[in-house]
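In what follows, a single structure is set out as structure tokens and then discussed.
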Amino acid sequence: MLGNDDWWRDAVVYQVYPRSFADANGDGMGDLEGVRGRLDYLAGLGVDAIWLSPFYTSPMADGGYDVADYRDVDPMFGTLADFDALVADAHAKGIRVIVDLVPNHSSDQHPWFKSGLRERYIFRDKPNDWESIFGGPAWTQVEDGQWYLHLFAPEQPDLNWDNPDVRAEFRDVLRFWLDRGVDGFRVDVAHGMIKAEGLPDVGPKDGPQAEMLGDEQVPYFDQDGVHDIYREWRPILDSYPGGRMAVAEAWVSSPERLARYVGPDELHQAFNFDFMMADFHAKSFRTVIEKALKEAELVGAPTTWVLSNHDKPRHVTRHGGLARARAATLLMLALPGSAYLYNGEELGLPEVLDLPDELRQDPAFLRRGESRDGCRVPIPWSADPGCGWRDPWLPIPAEWTGLSAEAQEDDPDSTLNLYRAALRIRKRHPALGGASSGTLTWLESAKDVLVIERDPGLVVVLNTGEEPVRLDWTGQVLLSSGPLETDGSVPPDTAIWFQR
Ligand code: GLC
């Protein structure tokens with residue numbers, strides 16, 4: 001059933017943020033058994049794979065992206081035996097499993113850091129001018145006066161990838177999880193591990209360094225040396241059967257730079273965040289789609305599409321409402337390549353904007369005032385007042401009972417059933433599945449409207465304008481993100497899949 005080595009090329013991958021997904025033991029924190037208990041839901045949704053955000057041993061200074069043991073499960077999420085059971089059950093249901101790998105930094109509670117293996121980190125007598133992505137200086141001083149580098153929180157010291165022991169350890173960590181049957185890795189901060197020789201200052205600038213990353217190169221990201229690491233890793237992935245893959249989280253300055261992470265001797269994919277960051281407008285979508293497809297052609301691998309993840313406000317809120325989010329989803333799921341969904345987007349969850357400050361846990365909030373907690377609120381499963389959770393780690397808004405999976409289950413117009421229908425059609429339609437050539441054609445359209453044809457015969461219409469759009473073809477609407485006008489026109493903020 002899981003035979004196809006190229007499965008990732010057009011896969012729909014569902015991101016599970018473990019502490020917010022499903023709680024089997026009732027402690028208010030999601031866990032691996034919770035995920036296992038929802039595999040039927042995920043199979044029914046129609047996803048090809050899940051990507052698990054970190055569930056490793058962690059003091060949770062950054063939601064688990066601060067790893068204290070790369071080869072174990074934190075007790076709050078379960079045990080290695082729970083992990084093995086999850087992989088076995090997922091595979092039995094035809095769902096692959098991707099895990100997060102966090103190689104740029106460990107936790108300060110990792111035994112290497114605690115036991116003073118300083119050569120595995122980046123210690124200096126004096127700091128330079130680098131700033132943490134979460135705000136404030138990227139250096140913290142220890143008792144003997146030395147400083148260590150942390151591009152993120154102080155609890156996340158950067159590892160020294162010039163040290164051969166660090167490299168050997170991570171090759172071994174890859175094998176550890178591959179041996180347990182994982183189908184791939186999502187590589188966290190994949191552009192970060194190598195820093196420019198001599199750690200030069202960034203120099204004068206007009207705002208926080210974190211805001212410069214999109215425009216130009218900083219000496220701590222996207223250095224040529226990271227590619228050597230991926231060239232070391234790729235043969236390891238290729239030495240396992242069944243199509244083991246890796247996808248890079250790399251925030252770099254251009255699609256050309258992003259394309260350098262992908263190829264037969266490096267990683268299989270890189271997240272295309274331009275699509276996620278695009279405004280809900282025909283023109284901005286078209287610009288990023290054209291760019292991404294050009295890059296995909298260059299590297300000979302289809303691109304990835306993302307609308308939401310655990311680091312950005314949910315797209316219902318970013319795009320300005322549920323109707324738009326549903327329309328953007330139909331656009332995304334009709335594009336050539338693979339799509340990454342974020343848990344809860346299939347329920348149409350909005351960003352939670354009014355969490356009390358004292359409950360927020362994101363280190364970025366504590367240092368910079370910007371919080372990612374609003375997209376990490378636990379998933380509402382049932383229509384009872386607790387939404388199926390007892391004392392969840394972040395409070396679930398009372399009105400989410402109506403958005404719960406249970407409340408949406410039998411409603412044919414629910415967002416959950418829109419996602420199910422879209423994934424079902426995507427799987428069997430010859431224009432969308434693995435049989436397609438990965439190309440698309442832009443058809444002529446009115447202003448503020450996108451019309452795309454996927455061969456054979458599938459037309460996607462997205463109306464981001466203010467007037468309804470009339471359809472000139474004969475054929476049949478396969479799926480619509482919302483109700484059409486009585487004459488069949490596509491209203492504003494609506495997308496359709498049309499068979500002609
Ligand atoms: C990545 C993760 C983010 C985390 C950061 C540091 O960007 O997606 O959640 O805070 O890396 O590990």
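Both backbone and side-chain heavy atoms feed into the values below; hydrogens, waters and symmetry mates do not. Both counts, for ligands and for their atoms, begin at 1 and track the order of listing.
Exactly one of F185, Y240, Y70, F55 qualifies for a ring-ring contact (aromatic ring centres under 6.0 Å, His included) with W177. That residue is F55.
Ring planes of F275 and W305: perpendicular class, angle over 60° (limits at 30 and 60°). Ring pair F271/Y340 is perpendicular by interplanar angle, where above 60° counts as perpendicular and below 30° as parallel.
For R376, every heavy-atom contact with ligand 1 shorter than 4.0 Å involves the side chain, none the backbone. Contacts of R186 with ligand 1, taken as heavy-atom pairs under 4.0 Å, involve the side chain alone. Residue contacts with ligand 1, taken as heavy atom pairs separated by less than 4.0 Å, do not involve Y17 at all.
Checked against a 6.0 Å centroid threshold, the rings of Y41 and W381 count as neighbours.
Residue F134 has at least one heavy-atom neighbour below 4.0 Å for each of these atoms of ligand 1: 10 (O). Using a 4.0 Å cut-off to heavy atoms of R372, the atoms of ligand 1 that qualify are 3 (C), 4 (C), 9 (O), 10 (O). The contact set between ligand 1 and D62, taken as ligand atoms under 4.0 Å from a residue heavy atom, comprises 4 (C), 5 (C), 6 (C), 10 (O), 12 (O).
Under the 6.0 Å distance and 45° angle rule, R367 does not count as a cation-pi partner of F134. Taking the ring axis of W393 as reference, the NZ or CZ atom of R19 stays within 45° of it and closer than 6.0 Å to the ring centre. Cation-pi geometry between R120 and W112 is met: the NZ or CZ atom falls under 6.0 Å from the ring centre, inside 45° of the normal.
In this structure, of H105, H310, E249, the residue bringing a heavy atom nearest to atom 12 (O) of ligand 1 is H105.
Using 4.0 Å as the threshold, W251 has no heavy atom nearer than that to any atom of ligand 1.
The closest protein non-hydrogen atom to atom 9 (O) of ligand 1 is D311 OD1, 2.7 Å. Of all protein heavy atoms, the one closest to atom 1 (C) of ligand 1 is D188 OD1, 2.7 Å.
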